[in-house]
Amino acid sequence: MLDKTYQPASIEGPIYRLWEKAKAFAAGRANRKDARPYAIVIPPPNVTGSLHMGHALNNTLQDALVRFERMRGRDVLWQPGMDHAGIATQMVVERQLLERQEPDRRALGREAFVDRVWKWKEESGGLIINQLKRLGASCDWERERFTMDEGLSRAVRKVFVDLYRAGLIYKDKRLVNWDPKLLTAISDLEVEQVEVKGHLWHLRYPLEGRDFDPEDASTYIVVATTRPETMLGDTAVAVHPDDERYKALVGRNVILPLVGRRIPIVADDYSDPEKGSGAVKITPAHDFNDFDVGKRHALPQIGILNAEAKLLLDGNSDFIQGVEPSAQLARTIQELNGLDRFAARKAIVAQLEEQGLVEKIEPYVHTVPHGDRSGIVIEPFLTDQWYVNARELAKPAIEAVKRGRTVFVPKSWENTYFHWMQNIQPWCISRQLWWGHQIPAWYGPDGQIFVAEEEAEASAQAKAHYGEPTDLTRDADVLDTWFSSALWPFSTLGWPDETAELKRYYPTAVLVTGFDIIFFWVARMMMMGLHVMDEVPFRDVYIHALVRDEKGQKMSKSKGNVIDPLELIEAYGADALRFTLAAMAAQGRDIKLSPLRVEGYRNFATKLWNAARFAEMNGCVPVQGFDPSTASETVNRWIAGESERALAKVTEALEAFRFNEAAGAIYAFIWHVFCDWYLELTKPILTAGDKEAAAETRAMTAFVLDRALTLLHPFMPFVTEELWAKLAAEGEGRESLLILAEWPRHLGLENADADAEIGWVIRLVSEVRSVRSEMNVPAGARVPLVISGASEDTVARAKRHEDTILRLARIETMSFGKAPSGAVQIVLDEATLALPLAGVIDVAAESKRLKREIDKIRAEIEQLGAKLANEKFVSRAPEHVVEEQRERKAEVEAIAARLAQALKRLEATL
RNA sequence: GGGCGCGUAGCUCAGCGGGAGAGCACUGCGUUGACAUCGCAGGGGUCACUGGUUCAAUCCCAGUCGCGCCCACCA
């Protein structure tokens, strides 16, 4: 016997273990060798991660798809795993060392530190896997992978070497986004533009050959900058070639303040006459635009900051090239050397002000690049880094989507994808970290590069190159974490080995992910998949919304606005959370999650639970060999048809990734069709009907309930599995585990006659209830019902369902004949229902009610009349629409007539 | 500067060229041996605004206003 209330916490754990024990999640099950494969690779969560709402949504949707397809008989592989998350993980362990006052990373040394991270991973990493299990994720856990597994690392090395040999990976010295806190390069994508209130400094650079006079503007040129601290590395001043103000100065020199170095004034289109003073200082080593300008004019690149973004002046001969040493200069160097960039800004401005070189300072709002991990201002920094020629790899990836080999859902994301891919920049893949895949490149004493999968191979190359064995040094850098993630769809399947899994499950069916990582991950998987496998990694990409906090802000750890899904699971059950997320996952709209909604869907689970309890109490068990198409009771034929419609809706919606529609359809079917009507309509049959009808109804109830459990299972796997087990003894003609049961087949059970008849009963009951309520008839009172003007068919219908009508509408007796006077009257199709309530009802109020209804319906008649009188409508609208309106008008007119009659009868009693 | 999305009931959101919907909240009534985590009934909307297309617009188009996001090197 089922408990009275559904307790998610007590069943979810045992049910999950049951599935695991049955190996229900395993791909390649023996009985599915001939089935079509269906694979999804999980977006690997960070090893440092814990389950947040985004994961909950992402994995709920994947699990719904996977369970749906598994039930449809596909050989399903949901490939799980985790990402080593280079920077994030290294930061976690470094923080831990600091907290425990242990030797820091540098003191430990690389090898010991990396060991330490592995140890951390074994002890504390991967919490999220258990959290995914609590959510009900049916991943094939035995196939779990980690991006730094030996196999996946081998894939990384091989791809690196292949791309290097193909010229698609190269080393280059150029400006990168440098994080002065983490001391590593990062890619463009890891930079966030943040709007900052700053200042625009207008500085006077004295012209060469003129005695600087603050009062005489012809002795200097004004440059405007937001970064005065980089001025020590200036190597030119640029003006626009068409700028009349400065034409005469082009080709002349200025004397760089504080330093005394001579730098040219050059003409370059980059300079915008509208911005600042129209003249801009050029610092090629510390600004991306200036770098390009510098290249065009063959300017030197003078770096004046070190990796930590502190002024590096002492011993830096570049920035004083060609300058006469002086005591003044020495003092300046001494004062400024080693200052952090922001301290340096103040100090330099102060010195310039002293010398009358600051024309003005304006408040200025501009965007400044920040590191997404460190949160500090990124510094353009001139270093050697490894790059991927993304432009080349993007070409086939763009083409594949254009040709529909991979399809985005919703389709509009393809524009975003194209736009980024068409403007893609070289991808900086080297990171100055220790945790990650160390770059498989070795250097000879002269800097010669040897790239190979293994050190031995590099040594062999070196021997061939130098003619003798030579000591090599390995590149210290590791690869961007996303480099290994990009290989995930095939590296997890065993590539570069030609495994059976790779052959069977690649390309995967669909990738489910959030739009925030289209560039980071989706695009790069497309590029790598096409280059390495010569085939797209997935057929569909379903892009879901972000789960945001109540303010609509993106949830993130750093903002501290994360809602913990595990708390919701504890309070309401995983099923309720899953259903909420699915029901709210409408395409193209973000989810603002409300716990109230989760509670509502927990109630839904309880509702289902109690329906099952009712079935159990009435002995509604699945009957082996029951054929629903042979049902003879109208109500049973009706519910069979309703279940077919629900099946079709859920199936079609899931096929089209319309999770909210699928969830809505099964919700409405279970609650508002099955529970609200079917179970109520059949109670008289179960208690008082003849034996055959009762038996048929029990069998149908069990059949429909089984179907409902099946359709709901992708969204609410736990409660459905539990009920599935409870509703029938094991092995009774159906799969013992719902997770492995077959998705219902459409059997053509729809029946228009049954729909019409039950529809009529439902309308009758609803109308009577409505009027009773409106007339304040006491809920417990049973009243007589007189049906007048009814056709033979209607009379027969009414008689067939008399028990039900009496029960559901609280009717004392049902009779046929003339409507009595002093009765409340309801027009239902051709018949009029009268509830003789003389003495109970307020005749005046009833008259008012009828008049209101007549008014409403007359307004509609008028509207329809006008429409049908409109020649243009009749001639241009499709015929079926016109016909529909005509029919409706006739219907409504008939009702109006009967209402008028009813009113007349009522008033006769006055 | 470019691109995208969103303004529908008090709240959170579906829908969408031909009769305005759901959940929650609210109001009234609680009666039936599944369920008060419930039942029945009900109130509540110029579908942001303005114009256009159409026989017909909440839906399509254009513009306006408001909100949000993404991309971009702008001193």
Side-chain angles (χ1 to χ4, degrees), chain A residues 2 4-6 188 193 200-201 223-227 238 270-272 275-283 287-292 364 366-367 369 380 412-413 415-416 419-420 423 515-516 518-519 545-546 548 550 552-554 572 576 580 583-584 586 588-594 596-597 599-618 660-661 664 667-668 672 675-676 679-680 683 687 765-766 769-774 776-782 807-808 810 860 863-864 867 870-878 880-882 884-885 888 892:
Chain A
L2 289 165
K4 196 171 169 190
T5 312
Y6 162 53
D188 296 346
Q193 299 295 336
L200 190 58
W201 285 270
V223 296
T225 179
T226 54
R227 302 207 58 195
Y270 163 67
S271 183
D272 182 347
K275 293 261 166 67
S277 63
V280 59
K281 67 195 233 10
I282 300 298
T283 323
D287 182 284
F288 287 100
N289 291 308
D290 294 4
F291 184 82
D292 294 338
Y364 194 74
H366 59 141
T367 57
S412 57
W413 286 110
N415 290 330
T416 307
H419 183 257
W420 189 71
N423 296 290
F515 61 79
D516 51 329
I518 290 178
F519 305 145
L546 245 45
R548 296 178 182 276
E550 53 282 318
Q553 281 207 316
K554 192 171 162 177
Y572 303 113
T580 306
M584 296 186 80
R589 188 157 190 156
D590 286 341
I591 295 175
K592 277 193 246 170
L593 195 71
S594 151
L596 273 177
R597 202 68 190 257
E599 186 182 333
Y601 289 124
R602 185 275 316 267
N603 296 352
F604 171 56
T606 305
K607 184 74 184 176
L608 172 69
W609 181 271
N610 278 295
R613 190 159 165 268
F614 173 78
E616 186 188 44
M617 287 169 64
N618 285 281
N660 59 319
E661 283 182 21
Y667 179 95
H672 298 309
C675 291
D676 285 354
L679 294 185
E680 297 301 331
K683 275 176 184 172
T687 53
V765 170
S766 300
R769 281 171 171 173
S770 177
V771 166
R772 288 176 57 118
S773 172
E774 209 168 333
N776 293 317
V777 177
R782 288 190 174 266
R807 181 187 174 102
L808 297 188
R810 302 292 292 171
E860 196 180 345
Q863 221 180 356
L864 287 164
K867 210 174 199 181
N870 183 344
E871 209 177 300
K872 281 180 176 171
F873 171 69
V874 178
S875 61
R876 296 198 196 176
H880 75 270
V881 171
V882 178
E884 213 176 272
Q885 304 289 314
R888 173 143 184 82
V892 157

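In what follows, every heavy atom counts, from backbone to side chain, and hydrogens, waters and symmetry copies are set aside. We name chains A, B, ... by the order of the sequence lines, and we start the count at 1 in each one.
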Residue mapping more 5' on RNA chain B - nearest nucleotide basis, A:Ala279 or A:Val874: A:Val874
CD1 on A:Ile518 to OG1 on A:Thr416, rounded to 0.5 Å: 5.5 Å
Spatial distance of atom CG (A:Leu200) from atom OG1 (A:Thr225) [nearest 0.5 Å]: 7.5 Å
Close side-chain approach of A:Arg769 and A:Leu808, heavy atoms under 4.5 Å: yes
Side chain of A:His672 (C-beta onward), nearest among B:A34, B:G23, B:C69: B:G23
Below 4.0 Å: OP1/OP2 of B:C38 and any side-chain N or O of A:Asn603: yes
Residues, nucleotides or ligands: over 12 heavy atoms within 6.0 Å of A:Gln863 CD: no
Closest to side chain of A:Arg597, choosing from B:G23, B:C35, B:A75: B:G23
Sugar-phosphate only, base, or nothing, as touched by A:Gly276 at under 4.0 Å among non-hydrogen atoms: base
B:C4 OP1/OP2 closer than 4.0 Å to side-chain N/O of A:Arg589: no
Nucleotide B:G33, atom C1' - distance to CD of A:Glu616 in whole Å: 14 Å
Sugar-phosphate, base or nothing in reach of A:Tyr364, heavy atoms under 4.0 Å: sugar-phosphate
Which nucleotide in B:A75, B:U37, B:A34 has an atom nearest any side-chain atom of A:Met617: B:A34
Nearest-nucleotide pick for A:Ala779, side chain only, options being B:G23, B:G39, B:U31: B:U31
A:Tyr270 side-chain proximity, nearest of B:C13, B:C38, B:C73: B:C73
Pairing nucleotide - B:A34, Watson-Crick or G-U, each distance under 3.5 Å: none
Sugar-phosphate, base or nothing in reach of A:Arg613, heavy atoms under 4.0 Å: sugar-phosphate
Residue-phosphate contact under 4.0 Å: A:Lys4 side-chain N/O, B:U37 OP1/OP2: no
Watson-Crick or G-U wobble partner of B:U46, both distances under 3.5 Å: none
Interatomic distance, A:Asp590 CG vs B:C6 P [rounded to whole Å]: 11 Å
Quiz item: cation-pi between A:Lys607 and A:Tyr667, 6.0 Å / 45°: no
A:Lys592 side-chain N/O to B:C11 phosphate OP1/OP2 under 4.0 Å: no
Proximity to the side chain of A:Cys675 - top-ranked nucleotide from B:G18, B:A34, B:C71: B:A34
Sugar-phosphate, base or nothing in reach of A:Ala586, heavy atoms under 4.0 Å: sugar-phosphate
hbond_proxy A:Ser594 side chain to B:U12 base (donor-acceptor, 3.5 Å cutoff): no
Gap in Å between the two P atoms, one belonging to B:C40 and one to B:A25, rounded: 15 Å
Atom-to-atom span, CD of A:Glu661 to P of B:A22 - whole angstrom: 16 Å
Rounded P spacing from B:G21 to B:G45 in Å: 13 Å
Whole-Å gap separating C1' (B:G33) and CZ (A:Phe614): 9 Å
Sugar-phosphate only, base, or nothing, as touched by A:His880 at under 4.0 Å among non-hydrogen atoms: nothing
Touch class at under 4.0 angstrom, heavy-atom based, for A:Lys281 against every strand present: nothing
Touch class at under 4.0 angstrom, heavy-atom based, for A:Pro878 against every strand present: base
Sugar-phosphate only, base, or nothing, as touched by A:Gln885 at under 4.0 Å among non-hydrogen atoms: sugar-phosphate
Touch class at under 4.0 angstrom, heavy-atom based, for A:Thr5 against every strand present: base
Plane angle bin for A:Phe604 and A:Tyr601 - parallel if under 30°, tilted between 30 and 60°, otherwise perpendicular: perpendicular
Spacing of A:Gln885 atom CD and A:His880 atom NE2 [to the nearest 0.5 Å]: 10.0 Å
A:Ser766 side-chain proximity, nearest of B:A34, B:A41, B:A75: B:A41
Whole-Å P distance, B:C61 and B:U54: 16 Å
Nucleotide nearest A:Glu680 when distance is taken to its side chain, options B:C35, B:G18, B:G28: B:C35
Nucleotide of B:G23, B:G18, B:C71 approaching A:Tyr667 most closely (side-chain heavy atoms): B:G23
Sugar-phosphate, base or nothing in reach of A:Asp516, heavy atoms under 4.0 Å: nothing
Straight-line distance of A:Lys683 NZ to A:Arg807 CZ, nearest 0.5 Å: 5.5 Å
Sugar-phosphate only, base, or nothing, as touched by A:Ser271 at under 4.0 Å among non-hydrogen atoms: base
Pairwise 5' ranking along RNA chain B for A:Tyr601 and A:Ala611, keeping only the more 5' one: A:Tyr601
Residue A:Met584, side-chain atoms from C-beta onward, closest of B:U12, B:G7, B:U32: B:U12
Atom C1', compared across B:G5 and B:U46: separation rounded to whole Å: 25 Å
Residue matched to B:G39 through Watson-Crick or wobble contacts both under 3.5 angstrom: B:C29
Interatomic distance at P, B:G42 relative to B:A22, whole Å: 12 Å
Sugar-phosphate, base or nothing in reach of A:Asn289, heavy atoms under 4.0 Å: base
Under-3.5 Å donor-acceptor pair between A:Arg807 side chain and B:U32 base: no
Sugar-phosphate only, base, or nothing, as touched by A:Tyr6 at under 4.0 Å among non-hydrogen atoms: nothing
Nearest heavy-atom neighbours spanning A:Ser277 and A:Ala224: OG-N, 3.7 Å
From A:Asn289 atom CG to A:Tyr270 atom OH, the distance as rounded to the nearest 0.5 Å: 4.0 Å
A:Ser770 vs B:C40: side-chain N/O to OP1/OP2 distance below 4.0 Å: no
Between B:A14 and B:U58 - C1' atom distance, rounded Å: 13 Å
Distance test, side-chain N/O of A:His366 to OP1/OP2 of B:A72, below 4.0 Å: no
C1' spacing across the pair B:C70 / B:U37, given as an integer number of angstrom: 41 Å
Same-atom distance (C1') from B:A9 to B:C47, integer angstrom: 10 Å
